[in-house]
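To start, the structure itself, in structure tokens.
Chain naming here is simple, since letters A, B, ... match the order of the sequence lines and numbering starts at 1 in each.
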Amino acid sequence: QQQVKQSPQSLIVQKGGISIINCAYENTAFDYFPWYQQFPGKGPALLIAIRPDVSEKKEGRFTISFNKSAKQFSLHIMDSQPGDSATYFCAASRRGSTLGRLYFGRGTQLTVWP
Amino acid sequence: DSGVTQTPKHLITATGQRVTLRCSPRSGDLSVYWYQQSLDQGLQFLIQYYNGEERAKGNILERFSAQQFPDLHSELNLSSLELGDSALYFCASSVVVDTGELFFGEGSRLTVL
């Protein structure tokens with residue numbers, strides 16, 4: 001059973017546009033929500049992360065929005081660039097186990113056209 | 001470059017065989033994680049070691065085993081291989097034991113024929 005559900009599976013955006021990727025979870029014990037970015041032939045790399053005590057976190061062009069009551073969180077990429085073309089994974093983990101035990105979504109393949 | 005080194009990068013073997021994947025964590029990182037990435041299951045946590053001790057176990061098959069050595073490198077042993085074990089195996093490391101900020105290597109692609 002997929003503990004973190006991610007959509008869409010693929011996304012095509014024009015340069016300068018906004019990319020939005022959504023994730024949902026069921027386990028209310030999750031309290032750490034990172035996003036990882038993966039380029040072809042490389043391992044995932046941490047992009048940005050949020051804890052449920054805040055509703056939004058912004059780092060440069062990347063913003064996580066978090067809705068605790070709906071058990072949803074999303075990644076917004078503003079002013080999307082061709083270099084952002086990659087696969088993005090949302091994930092979740094919880095204290096009491098180990099935060100490094102990440103439950104990943106299935107990934108979104110983002111393509112940004114120049 | 002994450003600083004995590006995995007070998008081999010590619011491995012092709014036959015069903016029933018045994019292989020060993022090796023991981024060197026970033027300098028100073030005490031925690032090592034193994035993840036499996038496949039088309040069927042996506043990215044799945046297998047196991048975590050911290051300073052030589054097993055810390056957490058995920059969806060790791062009994063045919064698979066791992067260990068972390070005193071020099072902190074880790075090995076993932078896969079035995080009695082089946083076609084379904086074909087996947088990309090990632091090692092990741094972190095400085096502390098309890099963090100979601102992991103540094104992933106580039107993976108070892110295993111193909112079982």
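The shortest side-chain heavy-atom distance between Ile60(B) and Leu76(B) falls under the 4.5 Å cut-off.
Contacts of Phe33(A) with chain B are absent, with no heavy-atom separation under 4.5 Å from either backbone or side chain. Using a 4.5 Å cut-off between heavy atoms, Gln48(B) touches chain A through its side chain atoms alone. If you measure heavy-atom distances from Phe103(B) to chain A, you find no contacts under 4.5 Å at all. Contact annotation for Gln37(B): only side-chain heavy atoms (C-beta onward) come within less than 4.5 Å of a heavy atom of chain A. Contacts between Asp40(B) and chain A at a heavy-atom distance below 4.5 Å involve the backbone alone (N, CA, C, O).
Taking a cutoff of 4.0 Å between a charged side-chain nitrogen and a carboxylate oxygen, Glu82(B) and Arg63(B) qualify as a salt bridge.
Asn22(A) and Ser74(A) make their closest contact through OD1-CB, 3.4 Å (heavy atoms, listed as atom of the first residue, atom of the second, distance). Nearest heavy-atom pair, Trp35(A) versus Leu46(A), reported as atom, atom and distance to 0.1 Å: O-CD1, 3.6 Å.
Heavy-atom pairs under 4.5 Å with chain B peak, among Ala49(A), Gly105(A), Gly43(A), Ala91(A), at Gly43(A). Options Ala45(A), Gly100(A), Pro34(A), Gly107(A) differ in how many heavy-atom pairs under 4.5 Å they form with chain B, and the most are formed by Gly100(A). The candidate from Arg109(B), Gln41(B), Gln44(B) with the greatest count of non-hydrogen atom pairs under 4.5 Å with chain A is Gln41(B). Looking only at heavy-atom pairs under 4.5 Å with chain A, the residue among Cys91(B), Ser94(B), Ser31(B), Gly42(B) that has the most is Gly42(B).
Residues Ser19(A) and Tyr88(A) bring no donor and acceptor atom of their side chains to less than 3.5 Å of each other.
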I would like to know whether Ser69(A) and Asn67(A) meet side-chain hydrogen bond (donor to acceptor under 3.5 Å, both in side chains); could you show each step before the answer? CA-CA 6 Å; Ser69(A) 60; Asn67(A) 186 329; 2.8 Å; yes

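Here the two rings, on Tyr35(B) and Phe104(A), have centers that are under 6.0 Å apart.
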